[in-house]
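Before any comments, here is the structure.
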Amino acid sequence: MYAIAHLDIPPLASAGGTVRLPGSKSISNRVLLLSALSAGHTDIADLLDSDDTRVMLAALDQLGCRIEQRPDNLLRVHGLGGQLPVKGAALFLGNAGTAMRPLTAALALLAAEQGGCFELSGIPRMHERPIGDLVDALRQLGCPVDCLGQEGYPPLRLGNGTPSVLRLDQPIRVRGDVSSQFLTALLLALPLVARERPVVIDVVGELISKPYIEITLNLLERFGVHVQRDEWSRFTIPAGSRYVSPGLVHVEGDASSASYFIALGALAPAREGTDGVTIEGVGLSSIQGDIRFVEAARMMGAEVTGEANRLHIRRGKWPLKAIDLDCNHIPDAAMTLAVMALYADGTTTLRNIASWRVKETDRIAAMAIECRKLGATVEEGADFIRVTPPARWTGASIHTYDDHRVAMCFSLAAFNPDGVTVRIEDPKCVAKTFPDYFETLFELCATPAAHIPVICIDGPTASGKGTLASEVAKRLGFHLLDSGALYRATALAAQDAGLDLDDETALARLAAHLPLAFRDHRVYLAGRDITDPLRLESTGGMASRVSQHPAVRAALHGLQQSFRRLPGLVADGRDMGTVIFPDAGLKVFLTASAEQRAQRRHKQLISKGISANIDDLLADLKARDHRDMSRAHAPLKPAEDAQLLDNSDLSIEASVQLVLDWWQGTTAVPGN
């Protein structure tokens, strides 16, 4: 996950390959709650690991529900059988509506029956999301429910610590035109109290997002409760209803998340060697309503085929066809259509989306604002949005409003025909449902190497370029190439093989097939962790000798260039800006006096418990500087267009910030 301030996505050209989707958020949190309320234990396979599910798991743990990780990635939930082992708790539910609404209903009923008292709260945005219609329905039932801030909004207090008599003899009325989650919450909770008589729910007004209710009804049946439905206006929970664990539940891949990759296949030419985009984990037989996004994508020109648990998408009609669509049946996935509309042949209108305004943010306003930044003409109303594609695209910094779907939608704008960079602010917000979304996207996408940004950082031994490069890469979310590690690893491999460091031919042959891997800030040679041996002074000395051989440098040239991968690269070391990446967008030559570098190296070695003599270190550094600057092939020197950075009197943080400032000056993203 990119836990950085912003992520710059360079212009993308093509896409293809296979993606395995994370589990559905809607199904995951419903299954977790149903498992906790049931008798017996439930094993859950393919559960989504995200902010929202972690919030639900933490809440269930506070409520006394035992949860354990089993082999084969199964999560076992030991059901409470409708009983409350904990009669009071303060639950923090973040911005997870799929946790807040169902837990509100279930705990309100259980607290009323069993004499509990619970407080539910979330982040400030959650306290702006209406819940009054659900509160009203629970109060009809006789549940003590107090709004602790603004009436009709969280935070809430459920129960007062003493049992209350529930009124189950009359239908419970709940509005259906604000959020389907209110009805879902009641459907999930009322089987707990429908022991002696049936319980009826009447929906007032038009029920929106009906497919999400279908998910709820489907899962209720799997846990032994068969709700009777009269059209979409009346739901009856039969007397004697009781939750019983089905034993094992598999969570489908998230159909809402599938929409981004369906759109990707629809708008991106197939990457070389692929036949479009294949999605695994969800298919045409999905119980999720958002699978009907496939119909909308086909209307816009996508070629989509599929089976029970797989979809395959290829670009068909181009440009995409503008559509006018009632999106009530795909409320979350429809956001992706707004970005697809940027690639259409006319104006696209998405209707019946009033629920967008009460989601993680006001999504109608958010999509309108951000589409306009890219150059589109947008009209918005209370329950619709109308998008006309840009005549000419402009680079934009997309504000994501702490909304995962805004971030994922606008990543697709990087395929724009005008080749502008798209900045995604706060990319970590995708953790709500798809923590590895951007990594997955970059694995599928391709673009010419010239479009992938590179920052080169060079300088003499012990100048601090490795630390600087690592920190800059971390701040930008870029890959890191420590070219010095390649030469050091070659030297260690030569030592292991008993090669003479002056045998250029043998060293080049070894370097060409170097079994080197970088994982989690560690370096592995043929599976052996060599991170610490790489940093030894003796290894550095051997690497300096190895790097003098032109044949070795040539052998490592292609390997180094292969590190240029999306979304960008920070390359640290000799020749990066002059030989390997001469087209790098920023080149930095880091300098410091030999005396200053010797002192830093001395402190570093002493801190690691390694004995060192500062005079010897200084003499060694001066000798290396002379050797590196006077070698016949690629002597150490700044690239002609490099920025010189003398860090003799600068902290690491100051040096990092200076490089980031230089980099921001080279980007073409407005508002940076």
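We use all heavy atoms of the structure for the numbers below, so side chains are in, but hydrogens, waters and symmetry mates are not.
Checked against the 6.0 Å centroid threshold, Tyr343 and Trp393 count as a close aromatic pair.
Side-chain N or O atoms of Asp418 include none that pairs as donor or acceptor with a backbone N or O of Val420 at under 3.5 Å. With hydrogens and angles disregarded, a donor-acceptor distance shorter than 3.5 Å links the side chain of Thr447 to the backbone of Pro11. Listed for the Thr361 side chain is no donor-acceptor partner under 3.5 Å among the backbone atoms of Asp403. Panel note: side chain Gln288, backbone Gly253; a donor-acceptor pair is recorded below 3.5 Å. Not a single donor-acceptor pair under 3.5 Å links the side chain of Thr278 to the backbone N or O of Thr18. Between the side chain of Glu252 and the backbone N or O of Ile287, at least one donor-acceptor pair lies under 3.5 Å.
The side-chain heavy atoms of Glu360 and Arg129, taken from C-beta on, include a pair separated by under 4.5 Å.
Salt bridge Arg357/Glu380: present, at least one basic N to carboxylate O contact under 4.0 Å.
Remark: the Arg101 side chain and the Thr184 side chain contain no N/O donor-acceptor pair separated by less than 3.5 Å. Counted by atom type alone, Ser397 and Glu425 present one or more donor-acceptor pairs between their side chains at under 3.5 Å.
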Problem - Test side-chain contact (heavy atoms from CB on, under 4.5 Å) applied to Arg314 and Asp275, step by step - result: CA-CA 7 Å; Arg314 292 186 300 183; Asp275 188 30; 3.2 Å; yes
Exercise for the section: Evaluate the side chain to side chain donor-acceptor pair (under 3.5 Å) criterion for residues Asp290 and Ser256: first the C-alpha distance (whole Å), next the side-chain angles of each, then the deciding distance (0.1 Å), finally the verdict. Expected result: CA-CA 6 Å; Asp290 273 348; Ser256 301; 2.4 Å; yes
Handout entry: Arg351/Asp326 under salt bridge (Lys or Arg N to Asp or Glu O under 4.0 Å): CA gap, chis, key distance, verdict
Key = CA-CA 5 Å; Arg351 304 181 186 276; Asp326 183 325; over 6 Å; no
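Shown are Lys25, Arg363, Lys432; of these, the salt bridge (Lys or Arg N to Asp or Glu O under 4.0 Å) with Asp332 is made only by Arg363. Of the listed residues (Phe410, Tyr260, Tyr2), just one forms a ring pair (Phe, Tyr, Trp, His ring centres under 6.0 Å) with Tyr437, and that residue is Tyr260.
Partners of Ser209 according to the side-chain contact (heavy atoms from CB on, under 4.5 Å) rule, which considers only residues two or more places apart in sequence or in another chain, are Ser180, Tyr212, Pro331, Ser355.
Residues Val178 and Ile208 approach most closely at O-CD1, 3.3 Å, considering heavy atoms.
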